[in-house]
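Here the structure is laid out as structure tokens; the discussion comes afterwards.
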Amino acid sequence: MTTVAVTGASGFCGSHVAVAAAALGVDVLCVGRRPGPVGRHVPWDATVGVPDLGGADLVVHCAAAVGDPVPGSPGEAVMRAVNVDGTARLLEAAAGRPVVWVSSASVYAPVPGRSRITEEHPVRGQLNAYGRTKAAGEALALAAGAVVLRPRAVYGPGDPHLVPRLLSRVRRGLLLVPGRDVTLSLTAVENLADACLEAAGWAPGAYNIADPVPYRRDEALRTVLRAHGIRARIGHVPRALAHTAAGAAEALHRHRHRHRLGPYAEPPLTRYAVDQLAHSVVLDVGKARAAGWTARRTLTDYLQAAPCSPERPR
């Protein structure tokens with residue numbers, strides 16, 4: 001591999017993949033609306049047109065529309081345009097080149113018994129537009145012979161989604177979470193970037209990607225809060241109550257968003273968010289390990305590197 005095309009290279013995951021590739025001495029094509037952190041910019045809007053991937057030996061598709069909009073909203077339409085239709089255009093442009101397609105564990109069916117999810121877990125019944133459109137997009141990629149990576153809750157430097165959303169939920173020194181403590185898989189963005197570049201030689205198919213070991217939810221939350229210099233207690237809301245409140249928030253938002261809110265605004269609480277925090281969700285990464293991949297980063301590394309962390313050397 002001498003040249004890799006990374007879509008969405010100006011975004012969170014894509015930028016880490018582009019930097020990791022450049023560090024290996026690989027030429028990088030940053031494909032997207034904005035230039036990436038390294039390499040040459042190839043302009044492309046995922047909602048229209050076919051990108052020019054000329055010269056690329058490998059395509060890593062990180063471009064995605066992310067969020068949790070209510071069904072039927074403009075935000076959901078944008079997600080389909082990017083995550084599904086954009087995938088079709090990307091695969092057309094790849095023209096037989098190897099493709100690594102970054103999906104999400106959100107595609108997995110939200111059923112009981114997710115304490116050890118393998119790649120054979122059902123892909124259906126997703127709780128939001130993001131999960132549904134990622135499932136539809138990865139189906140296209142799998143049919144085209146791509147390697148599909150399914151990380152869960154990607155975190156790390158530059159994260160614009162997961163951690164900021166968490167920190168915004170702290171009120172008066174209290175962070176409320178649904179249900180009792182559970183065990184969860186998380187994925188450091190550095191681990192995902194490594195997998196994206198190593199997966200070029202893997203057999204086509206889906207692979208779970210996560211940190212070496214799962215975390216207890218409440219301790220993981222405390223670690224993230226500590227890394228950002230926030231002192232807060234963790235309180236527990238009964239799971240059923242949280243689920244009911246999320247349903248009410250979605251219904252209210254659906255009723256009001258056309259009149260008072262921006263077309264892409266999201267409810268403050270959703271059933272998807274409750275599900276992701278209230279149930280144990282652990283990914284089995286044995287398939288990726290068997291292919292030669294090793295996760296090297298954990299939340300401890302995140303804590304030590306964070307600018308507000310008390311564990312960081314001064």
Side-chain angles (χ1 to χ4, degrees), residues 12 66 68 104-118 121 126-128 130-131 150-156 159-192 208-247 249 267-285 295 297-306 308-311:
F12 174 43
V66 180
D68 198 1
S104 167
S106 297
V107 303
Y108 287 127
V111 296
R114 286 175 280 170
S115 58
R116 188 173 178 271
I117 294 177
T118 71
H121 188 89
Q126 296 82 16
L127 293 175
N128 67 357
Y130 178 69
R150 293 171 177 164
R152 183 180 190 277
V154 182
Y155 68 92
D159 167 24
H161 304 294
L162 186 66
V163 170
R165 191 171 298 166
L166 168 67
L167 300 182
S168 72
R169 297 297 190 267
V170 177
R171 297 285 188 276
R172 298 182 180 180
L174 178 65
L175 175 63
L176 293 175
V177 294
R180 297 179 179 179
D181 200 7
V182 294
T183 304
L184 301 172
S185 283
L186 304 175
T187 308
V189 69
E190 298 91 344
N191 292 334
L192 175 59
N208 290 334
I209 301 296
D211 287 0
V213 294
Y215 305 95
R216 295 298 291 175
R217 181 197 66 192
D218 290 3
E219 183 53 35
L221 293 175
R222 292 188 188 98
T223 298
V224 173
L225 293 173
R226 194 158 65 246
H228 290 268
I230 296 176
R231 295 188 178 186
R233 295 183 299 108
I234 294 178
H236 301 93
V237 177
R239 191 167 65 190
L241 177 60
H243 189 271
T244 300
L269 182 65
T270 66
R271 285 169 289 182
Y272 170 78
V274 171
D275 175 81
Q276 293 296 293
L277 283 171
H279 299 274
S280 287
V281 182
V282 177
L283 301 183
D284 183 329
V285 297
R297 303 280 293 189
T298 68
L299 266 176
T300 299
D301 300 300
Y302 178 78
L303 175 62
Q304 292 175 345
C308 296
S309 167
E311 281 83 356

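Between the OH atom in Tyr215 and the CG atom in Leu221 there is a gap of 12.5 Å [rounded to 0.5 Å]. Distance NE2/His236 to CG/Leu175: 9.5 Å, rounded to 0.5 Å. With values rounded to the nearest 0.5 angstrom, Arg165 atom CZ is found 7.0 Å from Asp68 atom CG. Distance check: Arg226 CZ to His228 NE2 gives 12.0 Å after rounding to the nearest 0.5 Å. Summarising the geometry, atom CZ belonging to Arg152 is positioned 8.5 Å from atom OG1 belonging to Thr187; distances are rounded to the nearest 0.5 Å. Between Leu241 atom CG and Leu176 atom CG the span is 10.0 Å, to the nearest 0.5 Å.
Nearest heavy atoms, Leu162 versus Ala153: CD2-O, 3.7 Å. For Ala249 against Leu269, the heavy-atom pair with the smallest separation is CB-O, 3.5 Å. In terms of heavy-atom proximity, Pro151 sits nearest to Val154 at CB-CG2, 3.8 Å. Closest heavy-atom contact between Leu127 and Arg271: CD1-O, 4.2 Å.
With sequence neighbours left out, Arg114 forms a salt bridge (Lys or Arg N to Asp or Glu O under 4.0 Å) with Asp275. Not counting sequence neighbours, the partners of Arg297 by the salt bridge (Lys or Arg N to Asp or Glu O under 4.0 Å) test are Glu190. Legend: residues meeting side chain to side chain donor-acceptor pair (under 3.5 Å) with Asn191, ordered by chain and number and at least two apart, are Asp211. Every side-chain contact (heavy atoms from CB on, under 4.5 Å) that Val182 has, sequence neighbours left out, goes to Leu184, Arg217, Ser280. Considering only residues two or more places apart in sequence or on other chains, Thr118 meets the side-chain contact (heavy atoms from CB on, under 4.5 Å) condition with Arg116, Glu120, Asp284. With sequence neighbours left out, the salt bridge (Lys or Arg N to Asp or Glu O under 4.0 Å) criterion links Asp181 to Arg216.
Classification of the His121-Tyr108 ring pair by plane angle, with boundaries at 30° and 60°, yields perpendicular.
In this structure, Pro212 and Thr298 have side chains that are in contact, with non-hydrogen atoms separated by less than 4.5 Å. Considering only heavy atoms from C-beta on, Thr223 stays 4.5 Å or farther from Tyr302 through its side chain.
A donor-acceptor contact shorter than 3.5 Å links the side chain of Tyr155 to the backbone of Leu299. Panel note: side chain Ser185, backbone Leu283; a donor-acceptor pair is recorded below 3.5 Å. Judged by distance alone, the side chain of Asp159 and the main-chain N or O of Gly156 form no donor-acceptor pair under 3.5 Å.
Annotation: Arg169, atom CZ; neighbour count of heavy atoms from other residues, nucleotides and ligands within 6.0 Å is above 12.
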**OP:** Tell me, with the steps shown, if Tyr272 and Ser106 meet side-chain hydrogen bond (donor to acceptor under 3.5 Å, both in side chains).
**Re:** CA-CA 9 Å; Tyr272 170 78; Ser106 297; 2.5 Å; yes
